[in-house]
> 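My structure is below; once you've seen it, I'll send some questions.
What's counted below: heavy atoms across the whole structure, side chains too, no hydrogens, waters or symmetry copies.
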Amino acid sequence: MMRHPIEARLVACVILLVLFVAGCGGTPTDQPNSGVNGNADPDLSSLSRTAEVDPETAIVTLPEDAVTRGEQVDSSTLSAARDARVAQCARDELDIPWVAERPDPYIPAMHMWNWFGPWTKPVAEKFAFVEPMGDGALIVNGIVEPPADYEPIPWVNENIAEADRDNVFETCNSTEAVMEFDETRLWTIGPGQEALNEEQEAVIRDPEMQALSDELAVCFEENGMEMHRDFPGFPLNADFNNINEEQIALALKTVECKDQTNFTQRAADIIAERQVPMIEEYAEELFAAREEWDDTVAEAEEYIASHPELFELPTN
C-alpha cells in the first residue's frame with residue numbers, strides 16, 4: 001500500500017521513553033542487500049501486476065506491496081519483540097523488573113490509501129484531509145480533543161526509578177540480542193528500493209498522471225475548488241492537521257470529484273503499470289529483502305509467544 005510521500009507516518013508512541021527503548025524511527029541502512037540471504041532467482045509468477053482498489057476498506061493494493069517492508073502489524077510485532085529482549089536483559093543483567101509493551105492490534109485506518117487524499121465518503125467524514133490513523137493516535141497527536149472520560153494508558157515502566165531506566169537504556173538497548181529485532185536493521189536500501197522510492201515522485205510527472213490530474217482539477221474548479229499546487233489530489237485549502245465541519249465538507253466535495261472521474265482506480269492503474277518493470281528488474285534484491293523481513297517477523301512472533309512472562313510484572 002504505497003502512500004503519499006508527504007505523510008509523516010505518525011506513530012502513537014504514548015511515552016517518549018517507550019519510543020526510545022523500542023527503537024522507533026531509526027535511519028535506514030544505505031547498504032544494498034546488507035545481511036540479506038534470498039533466493040537468487042525469485043518466482044515472479046505470483047506477482048500481481050495490477051492495482052486492486054477496495055472502496056469498502058479504502059485500501060489500494062499495488063504490485064510493490066509484494067516487496068514492501070514496514071506493514072503496521074509487522075512493525076508492531078518487531079517492536080514488541082525488541083522490547084521483550086530489553087526486558088530480558090534488564091531482569092537478567094540488572095535485576096530490574098522491566099516489562100515489555102505488547103504488540104498493537106491491527107489498526108484499519110493505518111492501511112488506508114491516502115496518497116492523493118481522501119477518496120471515500122467514510123474517510124472524508126472521519127478524517128477530512130488528516131492522514132488516517134487510529135483513534136488513540138488522533139488524540140495523542142493533538143488532532144482531536146480527548147473525550148471527558150479519557151485516561152491516557154500509563155507506561156508499563158513508569159514506576160521504575162529514573163536512574164534504573166537510564167541503566168536499562170545504556171546496558172540493554174543495543175545488545176546483539178535486542179538488535180536482532182530492531183526494524184531499522186532490516187531497512188537495507190539497494191538500487192531497487194531506491195528506484196521504488198524515487199518512483200513516488202517520478203510518477204507524478206508521468207504524462208498520463210498529469211492528464212488525469214488535470215481532469216480532476218477541472219472538476220475541482222466546477223465545484224468552487226482549486227487543485228493544490230504541491231499536492232495533486234488535494235484542494236488548495238486542505239488542512240492536514242485539523243478536522244472540522246468546513247474541512248469535512250471540502251473533503252466530501254473532493255471525494256465527489258474523484259468518484260466522477262474514477263480518479264483513484266485510474267491513478268492506481270498508472271502507478272501499478274510503472275512499478276512492475278522495476279520489481280522485475282530488481283527482483284532478486286527486493287524479494288530477498290522482503291524474505292529477510294518476513295523471516296525476522298516470524299522469529300519475533302515465536303519469541304513473543306514463548307516469553308509471555310516478559311509482558312507481565314515479575315512476581316518475585
> Output, in order, the C-alpha distance, side-chain angles, deciding distance and verdict of side chain to side chain contact (heavy atoms under 4.5 Å, CB included) for Glu125 and Val255.
CA-CA 10 Å; Glu125 290 176 333; Val255 170; over 6 Å; no
> Between Arg266 (side chain) and Leu212 (backbone), is there a donor-acceptor pair under 3.5 Å?
no
> Indicate if Met110 and Met112 have the same hydrophobic cluster label, given that clusters are the connected sets of ILVMFWY residues with side-chain heavy-atom separations under 4.5 angstrom.
yes
> Say you draw a straight line from CG of Leu216 to CE of Met225; how long is it, rounded to the nearest 0.5 Å?
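It is 7.5 Å, given to the nearest 0.5 Å.
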> Between the side chain of Arg82 and the main-chain N/O of Asn173, is any donor-acceptor distance below 3.5 Å?
yes
> Which heavy atom in Pro132 sits nearest to a heavy atom in Val123, and how many Å separate them?
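Closest heavy-atom pair between Pro132 and Val123: CG-CG1, 4.2 Å.
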> Has the side chain of Thr175 got a donor or acceptor atom that lies under 3.5 Å from a matching backbone atom of Thr171?
no
> Is there a path of hydrophobic side-chain contacts, each under 4.5 Å between heavy atoms, that joins Met209 and Val60?
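Yes, one cluster joins them.
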> Transitively linked via ILVMFWY side-chain contacts under 4.5 Å: Phe220 with Phe263?
yes
> Using only atom types and a distance under 3.5 Å, with no angle test, would you say the side chain of Asp206 pairs donor to acceptor with the backbone of Glu208?
yes
> Taking atom CD of Glu273 as the centre, report whether more than 12 heavy atoms of other residues, nucleotides or ligands fall under 6.0 Å from it.
no
> Do Ile248 and Ile243 make a side-chain contact, defined as non-hydrogen atoms from C-beta onward lying under 4.5 Å apart?
yes
> Consider only side-chain heavy atoms of I, L, V, M, F, W and Y, link residues closer than 4.5 Å, and tell whether Leu62 and Ile270 are in one cluster.
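Linked, Leu62 and Ile270 end up in one cluster.
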> Do Ser79 and Glu101 touch side chain to side chain, with heavy atoms closer than 4.5 Å?
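No. Closest side-chain heavy atoms not under 4.5 Å.
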> Please identify each residue that fulfils salt bridge (Lys or Arg N to Asp or Glu O under 4.0 Å) with Asp54, with sequence neighbours left out.
none
> Do Glu292 and Leu186 come within less than 4.5 Å of each other through their side chains, counting heavy atoms only?
yes
> Before giving the answer on side-chain hydrogen bond (donor to acceptor under 3.5 Å, both in side chains), spell out for Asp214 and Gln210 the whole-Å C-alpha distance, their side-chain angles and the decisive distance to 0.1 Å.
CA-CA 6 Å; Asp214 290 343; Gln210 290 184 338; over 6 Å; no
> As an exercise, state the distance from CD of Glu180 to CZ of Arg85, rounded to the nearest 0.5 Å.
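Between atom CD of Glu180 and atom CZ of Arg85 there are 4.5 Å.
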> Only counting residues at least two apart or in another chain, list the ones meeting ring pair (Phe, Tyr, Trp, His ring centres under 6.0 Å) with Trp119.
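So Trp119 forms no ring pair (Phe, Tyr, Trp, His ring centres under 6.0 Å) with any residue.
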> Return the CG to CH2 distance between Asp74 and Trp293, rounded to the nearest 0.5 Å.
6.0 Å
> Shortest non-hydrogen contact from Glu194 to Ile189?
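It is N-CG2, 4.0 Å.
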> What are the two closest heavy atoms between Leu94 and Cys172, and how far apart are they?
CD1-SG, 4.2 Å
> Can you find a heavy atom in the side chain of Met278 that is under 4.5 Å from one in the side chain of Val67?
no
> Output the distance between atom CZ (Phe287) and atom CD1 (Ile279), rounded to the nearest 0.5 Å.
6.5 Å
> Taking atom types as modelled, find out whether Glu183 and Ser75 have a side-chain donor-acceptor pair closer than 3.5 angstrom.
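Yes, because at least one side-chain N or O of Glu183 sits under 3.5 Å from a partner of the opposite role on Ser75.
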> Please find the pair of heavy atoms, one from Met133 and one from Asn141, that lie closest to each other, and give the distance.
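Reported closest heavy-atom pair: SD-ND2, 3.7 Å.
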> Just to verify, what does Glu312 make a salt bridge (Lys or Arg N to Asp or Glu O under 4.0 Å) with, not counting sequence neighbours?
Arg102
> Does the pair Arg91 and Val99 meet the rule for a side chain to side chain contact (heavy atoms under 4.5 Å, CB included), with working shown?
CA-CA 9 Å; Arg91 298 180 188 190; Val99 178; 4.0 Å; yes
> Mind listing the closest non-hydrogen atom pair of Cys219 and Gln260 along with its distance?
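Heavy atoms only, the tightest pair is SG-OE1, 3.5 Å.
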> Can you name the residues that form a side-chain hydrogen bond (donor to acceptor under 3.5 Å, both in side chains) with Asp294, not counting sequence neighbours?
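Partners of Asp294 under the side-chain hydrogen bond (donor to acceptor under 3.5 Å, both in side chains) test: Arg290.
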> Identify the residue among Leu310, Val156, Asp83 that makes a side chain to side chain contact (heavy atoms under 4.5 Å, CB included) with Trp98.
Asp83
> Which atom names give the shortest non-hydrogen contact between Gln200 and Trp115, and what distance separates them?
O-CZ2, 3.4 Å
> Quick one, Val144 and Lys126 - any side-chain contact, counting heavy atoms below 4.5 Å?
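Answer no - side chains too far apart.
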> Please round to the nearest 0.5 Å and tell me the distance separating atom CD1 of Ile204 and atom CD of Glu199.
9.0 Å
> Okay, side chain of Gln275, backbone of Glu64: is any donor-acceptor separation there less than 3.5 Å?
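It does hold such a pair.
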> Apply side chain to side chain contact (heavy atoms under 4.5 Å, CB included) to residues Glu93 and Asn167 and explain how you reach the verdict.
CA-CA 11 Å; Glu93 303 296 329; Asn167 198 5; over 6 Å; no
> Can you list every ring pair (Phe, Tyr, Trp, His ring centres under 6.0 Å) pair that touches residues 265-284, not counting sequence neighbours?
none
> Do Leu252 and Lys121 have side chains that approach each other closer than 4.5 Å (heavy atoms only, starting at C-beta)?
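Heavy-atom side-chain distance check passes, below 4.5 Å.
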> Hey, does Trp113 have a side-chain heavy atom less than 4.5 Å from the side chain of Val53?
no
> Taking it one step at a time, do Ser48 and Thr61 satisfy side chain to side chain contact (heavy atoms under 4.5 Å, CB included)?
CA-CA 9 Å; Ser48 175; Thr61 305; over 6 Å; no
> Can you tell me which residue among Phe231, Phe127, Phe129 is in a ring pair (Phe, Tyr, Trp, His ring centres under 6.0 Å) with Phe240?
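Among Phe231, Phe127, Phe129, the one meeting ring pair (Phe, Tyr, Trp, His ring centres under 6.0 Å) with Phe240 is Phe231.
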> Rounded to the nearest 0.5 Å, how far does CE of Met179 lie from CZ of Arg185?
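Result: 8.0 Å between the selected atoms.
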> Less than 4.5 Å apart, side chain to side chain, heavy atoms only: is that true for Asn157 and Val168?
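In short, these two side chains do not touch, never coming nearer than 4.5 Å.
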> Can you run down the side-chain hydrogen bond (donor to acceptor under 3.5 Å, both in side chains) pairs that involve residues 236-253, sequence neighbours left out, and say none if there aren't any?
Asp239-Asn242
> Cluster question for you: counting only ILVMFWY and a side-chain heavy-atom cut-off of under 4.5 Å, with indirect links fine, are Leu313 and Ile160 together?
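Yes, because Leu313 and Ile160 connect within a single hydrophobic cluster, where side-chain heavy atoms sit under 4.5 Å apart.
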